[in-house]
Amino acid sequence: MKTLTTGDQAPLFTLQNQDGASTSLKEALQKGPVLVYFYPKALTPGCTVQACGLRDSQNALNELNVTVFGISPDPVAKLNRFTDKHQLNFSLLSDEDHSVADAFGVWGEKKFMGKIYDGIHRLSFLVGQDGKVAHVFDKFKTKDHHQVVLDYLESN
């Protein structure tokens, strides 16, 4: 697993969002920076806490012109249920074949309760309008992810 680092060119991608609409990083970057956050599985406790923190911070993120994309290997229908259940106000994108997660270097071996399997590592990337990774968020807890992102954005 070779994770992208600050200064790397972010892979341009187009994925389906929770409504089945094609959503493109290239198009979103025309409006401003994009926070691309990878999470393992919709409707699970940690992922819900993380998503709701971003939902509740959406006004501050909008003021900073930052678009949020949450990416997981979940199918569109599950993302739609997740969005509806928690009134999420940003795009969740379906990466079922984990090709985008592979391109960002966040798909790899994980261990949980003695079991080893492949899955998404919980990392976030701020992609600048130039298409390069401006910052990698790799040290946070799900409950404070939104605040770590906001603190970084407001200090830069």
Side-chain angles (χ1 to χ4, degrees), residues 1-18 23-74 79 82-83 86 88-112 116-156:
M1 189 173 95
K2 184 179 178 333
T3 305
L4 293 182
T5 59
T6 300
D8 288 345
Q9 189 67 40
L12 297 179
F13 60 82
T14 301
L15 293 171
Q16 285 188 312
N17 72 7
Q18 69 276 2
T23 304
S24 147
L25 177 61
K26 184 178 180 180
E27 193 174 298
L29 287 172
Q30 293 172 5
K31 300 173 194 151
V34 177
L35 176 68
V36 179
Y37 88 94
F38 290 89
Y39 64 98
K41 195 171 183 179
L43 298 166
T44 57
C47 296
T48 298
V49 167
Q50 185 177 16
C52 289
L54 288 166
R55 175 200 65 200
D56 296 344
S57 300
Q58 197 60 40
N59 287 340
L61 290 164
N62 286 342
E63 287 175 18
L64 296 164
N65 290 322
V66 175
T67 300
V68 175
F69 287 162
I71 299 179
S72 75
D74 295 303
L79 298 180
F82 191 29
T83 299
H86 298 288
L88 301 180
N89 50 10
F90 54 88
S91 291
L92 297 180
L93 307 179
S94 175
D95 185 26
E96 286 189 83
D97 66 359
H98 58 81
S99 60
V100 175
D102 278 331
F104 275 80
V106 299
W107 184 266
E109 188 175 279
K110 296 177 76 169
K111 294 177 185 175
F112 183 67
I116 298 173
Y117 62 98
D118 284 340
I120 282 188
H121 289 257
R122 193 184 300 272
L123 291 168
S124 299
F125 301 83
L126 182 65
V127 181
Q129 282 192 275
D130 61 359
K132 292 185 177 175
V133 175
H135 191 74
V136 179
F137 299 95
D138 57 358
K139 292 179 176 43
F140 59 85
K141 292 183 173 31
T142 56
K143 68 181 181 190
D144 67 4
H145 174 249
H146 64 284
Q147 195 59 57
V148 169
V149 170
L150 286 172
D151 288 349
Y152 174 82
L153 290 167
E154 290 168 353
S155 69
N156 287 288

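Only this structure's heavy atoms are used, side chains among them; waters, hydrogens and symmetry mates stay out.
In this structure, the separation between CZ on F38 and OG1 on T3 is 10.0 Å, given to the nearest 0.5 Å. If you take CG on D74 and CG on L92, they are separated by 9.0 Å, rounding to the nearest 0.5 Å. Note that the CG atom of L79 and the OG atom of S72 stand 4.5 Å from one another [nearest 0.5 Å]. Rounding to the nearest 0.5 Å gives a distance of 6.0 Å between CH2 of W107 and CD1 of I120.
Note on residues 41-56: pairs passing side-chain hydrogen bond (donor to acceptor under 3.5 Å, both in side chains), not counting sequence neighbours, are Q50-R122, Q50-H145.
Every residue meeting the side-chain contact (heavy atoms from CB on, under 4.5 Å) condition with K143, not counting sequence neighbours, appears here in chain and number order: V49, K141. Among residues two or more places apart in sequence or in another chain, the ring pair (Phe, Tyr, Trp, His ring centres under 6.0 Å) test is passed with F69 by none. Among residues two or more places apart in sequence or in another chain, the side chain to side chain donor-acceptor pair (under 3.5 Å) test is passed with T5 by D8. Every residue two or more places apart in sequence or in another chain that forms a side-chain contact (heavy atoms from CB on, under 4.5 Å) with Q147 is listed here: L150, D151.
Each of T67, N65, L126 was evaluated against V34; a single residue qualifies, T67, per the side chain to side chain contact (heavy atoms under 4.5 Å, CB included) test.
By the neighbour-count criterion of 12 heavy atoms within 6.0 Å, atom CD of E27 is sparsely surrounded, having that number or fewer from other residues, nucleotides or ligands.
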Show me the donor-acceptor pairs within less than 3.5 Å that the side chains of residues 133-140 make with the rest of the protein, sequence neighbours left out.
none

